[in-house]
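In what follows, every chain begins at residue 1, and chains take the letters A, B, ... in the order their sequences are listed. The structure displayed is predicted, hence computed values, not measured ones.
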Number of protein chains: 2
Amino acid sequence: MHEKMIKKLTANVDFRVTKQRKKILDVLISQDQHLLAQNIYEILREEDSKVGLATVYRTLDLFEESGIIKKRKFNGDSAYYEINDEHHGNHHHLICKSCGAVIEVDELLPEDIEERLEEEEGFQVEDLCLQMYGYCENCQKNSDE
Amino acid sequence: MHEKMIKKLTANVDFRVTKQRKKILDVLISQDQHLLAQNIYEILREEDSKVGLATVYRTLDLFEESGIIKKRKFNGDSAYYEINDEHHGNHHHLICKSCGAVIEVDELLPEDIEERLEEEEGFQVEDLCLQMYGYCENCQKNSDE
DNA sequence: CTACATGCAAATCATTTGCTTGGCA
DNA sequence: TGCCAAGCAAATGATTTGCATGTAG
């Protein structure tokens, strides 16, 4: 259990930090990557810890509202969740249309993009999300055959 | 019916251009904005033209595979579809977390972003999608009260 | 103690599929 | 006149909700 990290992330929340919620957060921290609700559910179930799938969803919603995690939908049906803190910095996702792989890439955007939108459109940006769909290295090779 | 535009968009496709498919494409052209499958279904139903919802979905899939339209999921559950041609240029979406409004903004990204990814990651980008979540002008005002 | 959280099962919503009938090439 | 497409109804899969019970503060 990443007790310290969990404490830090939940320092200012207005909900109870129960053992289920800690475990779910712990999985997100340990895996350190985008996960489906289903993934989290299965990982917990392989341990002693059985948490209901409904609880996983309710908890992820709660975490998202508090800004602890980010929720991402790629074009498929299900949502991915990932920790949102400075150490995990801003990154973007490449999604392979052929094999479905999701690859993370570092920040690519101009620094001033959020400010520009606030000035030009009066829109207050809280969260920014860049996704690119295409073909990963492997799938490009395989389609040559 | 935007016959000319429809002909142009379907010039090189390998499926039949039936009257239902024309009508669906026509709605997308006329409305000239992101629409839900449900929206298209309802618009057609108000006209003489009754097209089944399943047909709408099947057709949208087909159009997307052919590159005629783009499919976009914002964090909600349902997908939006919009015409994909040069005249509708690259644009991005601002999504208001409070009222749900979806606002289009013009291209903001550096020109070379796709090439950089191809060089640096070996990933071949076909489609790029930038979404920003936050609060629109109106909702900022209203929350001041 | 008591309000808030969990677990399970049932409900919901968008989307997909099976299958029969219709219609374009 | 053979295939692909449409329409409807039923199936699916992710997510949500109702409700009785458990538990953190």
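For B/Arg58, the side chain to side chain contact (heavy atoms under 4.5 Å, CB included) criterion is met by B/Ala54, not counting sequence neighbours. Judged as a side chain to side chain donor-acceptor pair (under 3.5 Å), and not counting sequence neighbours, the contacts of B/Asp26 are B/His2.
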Only pairs under 3.5 Å count here: list side-chain donor-acceptor contacts from residues 95-116 of chain B, not counting sequence neighbours, and write none if there are none.
unit_1, atom_1, unit_2, atom_2, d
B/Glu104, OE2, B/His34, ND1, 3.3
B/Glu107, OE1, B/Asn90, ND2, 3.0
B/Glu107, OE2, B/His92, NE2, 2.9
B/Glu107, OE2, B/Leu109, N, 2.8

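Between A/Gln38 and D/dG13 there is no side-chain polar atom (N or O) within less than 4.0 angstrom of OP1 or OP2.
Residue A/Lys23 contributes atom NZ, which lies 17 Å from atom P of C/dA5 at whole-angstrom precision. Atom P of nucleotide C/dC4 and atom CD of A/Gln20 are separated by 17 Å, given to the nearest angstrom. One atom, CG of A/Asp14, and another, C1' of C/dA3, lie 14 Å apart when rounded to the nearest Å. Rounded to whole angstrom, the span from the CG atom of A/Leu36 across to the C1' atom of D/dG13 amounts to 12 Å. In this structure, B/Leu53 places its CG atom 11 Å from C1' of D/dC8, rounding to the nearest Å. As rounded to whole Å, 7 Å separates atom P of D/dA5 from atom CG of B/Leu62. Atom OH in B/Tyr57 sits about 16 Å away from atom C1' in D/dG7, given to the nearest Å. Rounded to whole angstrom, the span from the CZ atom of B/Phe63 across to the P atom of D/dA5 amounts to 11 Å.
The shortest side-chain heavy-atom distance between A/Glu64 and A/Tyr81 does not fall under the 4.5 Å cut-off. Counting only heavy atoms from C-beta outward, the side chains of A/Leu60 and A/Leu28 approach each other to under 4.5 Å. When side chains are defined from C-beta on, A/Ile24 counts as touching A/Phe63, because their heavy atoms get closer than 4.5 Å. Here the side chains of A/Arg21 and A/Leu25 are not in contact, with every heavy-atom distance at 4.5 Å or above.
Of the listed nucleotides (C/dG7, D/dA5, D/dA6), C/dG7 has the atom at the smallest distance from the side chain of A/Thr55.
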Task: B/S/- contact track for nucleotides 18-25 of chain D, protein heavy atom under 4.0 Å - done: B----BB-

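Side-chain N or O atoms of B/Glu118 include none that pairs as donor or acceptor with a backbone N or O of B/Gln124 at under 3.5 Å. A/Asn84 places a side-chain N or O within donor-acceptor distance of the main-chain N or O of A/Gly67, the cut-off being under 3.5 Å.
Interface residues of residues 70-83 of chain A facing DNA chain C, ordered by number: none; criterion, heavy-atom separation under 4.0 Å.
Counted by atom type alone, B/Tyr133 and B/Gln131 present one or more donor-acceptor pairs between their side chains at under 3.5 Å.
Taken from CD in A/Glu42 to CG in A/Leu35, the straight-line distance is 11.0 Å, to the nearest 0.5 Å.
Note that the two end axes of the helix from C/dC1-D/dG25 to C/dA25-D/dT1 enclose an angle of 40°, each drawn from 5 base pairs, rounded to 10 degrees.
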